[in-house]
Amino acid sequence: MTRYLVTSALPYANGPIHFGHVAGAYLPADVYVRTLRMLGEDVLYVCGTDEHGVAITINAEKAGQEYGEYVKHWHADIKQTFDELGIEFDVFSGTSQCAQHVETSQEFFTQLDANGFLEKRTTEQLFCPKDEMFLADRYVVGTCYSCGKPGARGDECPSCGTWIDPLQLTEPACKLCGTTPERKATTHWYLDLPKLRDAKIGDWIQNHEWKPNVAAFIQNLLDDVPQRAITRDMRWGVPVPSEVSGDEQDKVLYVWFDAPIGYVSFTKELMAARGTPDAWKDWWQSPDTRLVHFIGKDNIPFHCLVFPSMLYGVQQDYVMPWQVPANEFYNLAGGKFSTSEGRTLDLDTFFETYDREVTRFYILSTLPETADAEFNLDNLVTLNNAALAGNLGNLITRVLKFIAKNNDNQVPQLTEAHREQYDTMMLTDCGEIGDPAEWVTQYRFRKAAETLIANASVANVFMQRTEPWALRKTDPEAAASALNTLCEYIHWLARWMVPFLPNKAQALWEMLGRPGKVADQPWPGVPQRATWRSFEGGEALGEPAALFPRMDAPVAADA
RNA sequence: GGCGAGGUAGCUCAGUUGGUUAGAGCACAGGCUUCAUAAGCCUGGGGUCGCGGGUUCAAGUCCCGCCCUCGCUACCA
């Protein structure tokens, strides 16, 4: 049986997560997973924080915290944001916390080495004699040899954008203590991407079907793949396995090497917790698995080239990615979200004013699927008032309050004589609009959200045409039948809403007097004339309430 | 510097492999309705598709040049 193994890019445990991340990799994945589950598919959704790397050690030291303490803080912070937005993983671990991660990463490294896909090389690097450590990447600062300006980092000059070779920096200095570093030889391992490309990955990439924006991105990727160093001289990280390292001391796997392996080790952790420690193989080493990576576009090279190369290179029948529905970037009205530049929203304050699920729906409606898009508060308010409050929400209250007032809050009776006419009226338009899930499975989430609203609109038209408020005076049976039909349709909408608005869907479910969790219902698909009705008439309804209060226009931003 | 994306109605955006009068939502105007969250329904106005060339019977859609905006550049999706 087909299995869907869904991952979202591991967020870096170095700061709060923002809507840009949410829109890029997490919210679409969550909607996808919820939809597949209701469709009856076997799905596993894996994520966790990426907790190694130089940026974390620098910032933890600045904050005066232990590395482990530092990443746990951000792990919890990030997890809370996901909880607030209703993003639910099967496992949300972390690369420094997961018990299986070190062993799994080391196995990858050892196997790649044994299979001839690693190369060991010795080069000169900068070493700080005072701190007694090699100055990897951003641990070294200096004057740019290209533009002559100070402030260049060991990897890149922020002034002119030149990709820096730290050995050539003018007046290099240790970022921690300012000491002038010296050159010292060090040995590292390199992932032989050219060899992996020629062995398999090149053909695989060429022949794989990618989402259009992904295909455009990776087109030139293969021509000039370099070998990449996958080890670093530091202590925070997964140690290079001793059987390979030999005499080399204090070397860890480079963070981008061990991070994606987290997808595998977190799966192992989950299965171990479930008491079936070998079950991870059913997901990672089975031809029945469809591996789907949700990422932002900056992660395309990793997930389309590097990680597949690693999965192939260990030669243990790992699955290759099935789809990589990468999104473009989601900006904050006018510029990008950036924690470091203060272009960000304080989510705690934000959620005091703006409903979480409305926010979730707005982000889904504006996802950067094909091009960069932006988050705009005015548009969020407009979407809420027009589509959610005016269309979907008002449909629900106008029908249910009418029934509460005039039919003792019970589902009105359908008279057989009216069934065909009302089925036709309701289902013809709805059939043309179609099933939101069909768009979800094509990763067209904006279109899916739009389809949900368009379907609600069908019922507003139905009510306008049948006019039950007038009809009940002239033909009560017809009026009851029309209202019965509207109840059926809202019953349908409640299930369609689940992936997009999970809590609102549940609230609606209860207003309809339905027991249990709506998320446990099977996906209803497009209503079919012969089978779509399920109310007998006479069922007690719950208390009708407005699901989507109107919002006031936001106060003009002081930006 | 390298790479990439985008410039389509007032606003936010759709526009498959080039093919009849360029679409949606919001906003705006007029009409209808009163069950409902000043909500709903119907109709309408509004665009020489960034600029200049080219290919073609036919281009928003392909090619060349230019202008503008933005992003990435491997440790912020």
Side-chain angles (χ1 to χ4, degrees), chain A residues 8-12 14-28 50 52-58 136-138 146-147 155-156 160-163 212-213 216-217 219-221 226 228 232 254-256 259 294-302 305-306 326-331 334-340 365-366 368 370-374 376 378-379 382-383 385-391 393-403 405-406 446-447 450 453-454 457 459-472 479 483 486 544-550:
Chain A
S8 287
L10 304 190
Y12 200 47
N14 190 33
I17 203 152
H18 55 62
F19 287 160
H21 303 108
V22 169
Y26 307 103
L27 201 43
D50 173 9
H52 293 137
V54 176
I56 279 174
T57 59
I58 290 179
D137 306 312
R138 298 192 177 183
S146 177
C147 69
D155 53 354
E156 185 190 9
C160 66
T162 300
W163 199 353
N213 63 326
F217 202 100
Q219 206 161 12
N220 306 323
L221 207 60
R228 302 297 306 184
R232 283 292 185 274
Y254 189 19
V255 63
W256 68 245
F294 282 86
I295 57 170
K297 65 177 169 186
D298 58 338
N299 249 321
I300 290 173
F302 282 137
L305 172 65
V306 180
N327 278 303
E328 302 295 306
F329 281 91
Y330 199 56
N331 300 314
K336 65 179 217 162
F337 281 97
S338 167
T339 314
S340 54
S365 300
T366 52
T370 57
D372 290 358
E374 66 177 34
N376 179 305
D378 291 305
N379 293 347
T382 300
L383 180 84
N385 290 349
L388 294 177
N391 193 329
N394 184 51
L395 167 74
I396 293 162
T397 46
R398 73 193 294 207
V399 171
L400 297 184
K401 285 192 177 177
F402 189 90
I403 292 172
K405 202 181 294 176
N406 299 303
R446 298 169 73 137
K447 191 80 180 166
E450 192 182 296
I453 296 301
S457 201
N460 274 317
V461 173
F462 179 91
M463 187 146 179
Q464 201 69 36
R465 287 191 191 151
T466 52
E467 297 186 317
W469 56 88
L471 201 56
R472 64 186 278 264
L483 289 164
L486 283 161
L547 284 178
F548 304 98
R550 287 181 60 84

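Residue numbers begin at 1 in each chain, while the letters A, B, ... track the order of the sequences. Fair warning: this is a prediction, and the values are worked out from it, not measured in the lab.
- Nucleotides B:U20 and B:A58 place their P atoms 14 Å apart, quoted to the nearest Å.
- Between B:G54 and B:U61, the two P atoms lie 14 Å apart (nearest whole Å).
- A donor-acceptor pair under 3.5 Å is absent between the side-chain atoms of A:Asp50 and the main chain of A:Val255, judged by distance alone.
- Taking atom P in both B:A77 and B:A14, one finds a spacing of 23 Å when rounded to whole Å.
- Distance check: A:Thr366 OG1 to A:Tyr330 OH gives 2.5 Å after rounding to the nearest 0.5 Å.
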All N/O pairs under 3.5 Å across the protein-nucleotides 9-16 of chain B interface:
residue, atom, partner, partner atom, Å
B:C13, O2', A:Arg446, NH2, 3.3
B:A14, OP1, A:Thr370, OG1, 3.1

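- For A:Tyr12 and B:A77, the OH to C1' distance is 15 Å, given to the nearest whole Å.
- Protein atom CZ of A:Arg228 is 12 Å distant from nucleotide atom P of B:U73, rounded to whole Å.
- B:C66 and B:G71 have their P atoms separated by 22 Å, with the value rounded to a whole Å.
- Within the 3.5 Å criterion, the main-chain N or O of A:Phe294 finds no donor-acceptor partner in the side chain of A:Ser8.
- Distance A:Ile300 CD1 to B:G71 P: 17 Å, rounded to the nearest Å.
- Atoms CD1 (A:Ile453) and P (B:A39) sit 16 Å apart, rounded to a whole Å.
- Between A:Asn299 and B:A77, a side-chain N or O to OP1/OP2 separation shorter than 4.0 Å is present.
- The residue among A:Pro549 and A:Pro11 whose nearest nucleotide of RNA chain B is located toward the 5' end is A:Pro549.
- Side-chain N/O atoms of A:Tyr254 include one lying less than 4.0 angstrom from OP1 or OP2 on B:C75.
- Summarising the geometry, atom CG belonging to A:Leu395 is positioned 10.5 Å from atom CG belonging to A:Leu547; distances are rounded to the nearest 0.5 Å.
- Atom NE2 in A:His21 sits about 5 Å away from atom C1' in B:C76, given to the nearest Å.
- Distances shorter than 4.0 Å separate some side-chain N or O of A:Arg550 from OP1 or OP2 on B:A39.
- At the heavy-atom level, A:Ser457 lies under 4.0 Å from the strands shown only through sugar-phosphate atoms.
- Across the P atoms, B:C70 and B:C75 are found 25 Å apart, a figure rounded to whole Å.
- The residue A:Ala386 sits close only to the backbone: its heavy atoms come under 4.0 Å of sugar-phosphate atoms, none of a base.
- To the nearest 0.5 Å, atom CD1 of residue A:Ile453 and atom CG of residue A:Leu388 are 5.0 Å apart.
- Spacing between B:U43 and B:U33 at atom C1', rounded to whole Å, works out to 15 Å.
- Across B:G52 and B:A5, the matching P atoms stand 24 Å from one another, rounded to whole Å.
- With distances taken from any side-chain atom of A:Pro301 to the nucleotides B:C41, B:A74, B:C76, the minimum falls on B:A74.
- Within the structure, every side-chain polar atom (N or O) of A:Ser365 is placed at least 4.0 Å from both OP1 and OP2 of B:G25.
- Interatomic distance, A:Leu400 CG to A:Leu483 CG, rounded to the nearest 0.5 Å: 10.0 Å.
- The ring-ring contact (aromatic ring centres under 6.0 Å, His included) test applied to A:Phe402 returns no partner, not counting sequence neighbours.
- OP1 or OP2 of B:C75 sits under 4.0 Å from a side-chain N or O of A:Trp256.
- Judged as a ring-ring contact (aromatic ring centres under 6.0 Å, His included), and not counting sequence neighbours, A:Phe548 has no contacts.
- The strand RNA chain B forms stems, runs of 3 or more Watson-Crick or G-U wobble pairs with distances below 3.5 Å, at B:1-7 with B:67-73, B:10-13 with B:23-26, B:28-32 with B:40-44, B:50-54 with B:62-66.
- One finds the CH2 atom of A:Trp469 at 5.5 Å from the CE atom of A:Met463 (value rounded to the nearest 0.5 Å).
- When heavy atoms are screened at a 4.0 angstrom cut-off, A:Phe548 is found touching base atoms of the nucleic acid.
- Remark: C1' of B:C76 and CG of A:Leu10 are 13 Å apart, rounded to the nearest angstrom.
- Side-chain proximity of A:Val461 to the nucleotides B:C26, B:C42, B:C75 is greatest for B:C42.
- The CH2 atom of A:Trp256 sits 12.0 Å away from the CG atom of A:Asn299 when rounded to the nearest 0.5 Å.
- When rounded to the nearest whole Å, the span between CD of A:Glu450 and P of B:G23 equals 16 Å.
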Polar atom pairs (N or O), protein with nucleotides 30-36 of chain B, under 3.5 Å:
residue, atom, partner, partner atom, Å
B:C35, O2', A:Arg398, O, 3.3
B:C35, O2, A:Arg398, NE, 3.1
B:C35, N3, A:Arg398, NE, 3.3
B:C35, N3, A:Arg398, NH2, 2.6
B:C35, N4, A:Arg398, NH2, 3.1
B:A36, OP1, A:Lys405, NZ, 2.7
B:A36, O2', A:Asn394, OD1, 2.6
B:A36, O2', A:Thr397, OG1, 3.2
B:A36, N3, A:Asn394, ND2, 3.1
B:A36, N3, A:Arg398, NE, 3.2

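- Going from atom CG of A:Asn385 over to atom P of B:A27 covers 9 Å, rounded to whole Å.
- B:G18 and B:G60 have their C1' atoms separated by 10 Å, given to the nearest Å.
- A:Asn14 pairs by the side-chain contact (heavy atoms from CB on, under 4.5 Å) definition with A:Tyr12, A:Ala55, A:Ile56, A:Asn59, A:Tyr70, not counting sequence neighbours.
- Contact annotation for A:Ala25: backbone-only contact, meaning every heavy-atom pair under 4.0 Å involves sugar-phosphate atoms and none involves a base.
- A donor-acceptor distance shorter than 3.5 angstrom exists from the side chain of A:Tyr26 to the backbone of A:Ala9, with no hydrogens or angles considered.
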### Message
Between A:Phe302 and A:Ile295, does the side chain to side chain contact (heavy atoms under 4.5 Å, CB included) criterion hold? Intermediate values first, please.
### Response
CA-CA 10 Å; A:Phe302 282 137; A:Ile295 57 170; over 6 Å; no

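- Among the heavy atoms of the strands, none lies under 4.0 Å from A:Leu395.
- Nearest heavy-atom pair across A:Pro468 and A:Ala479 is O-CB, 4.0 Å.
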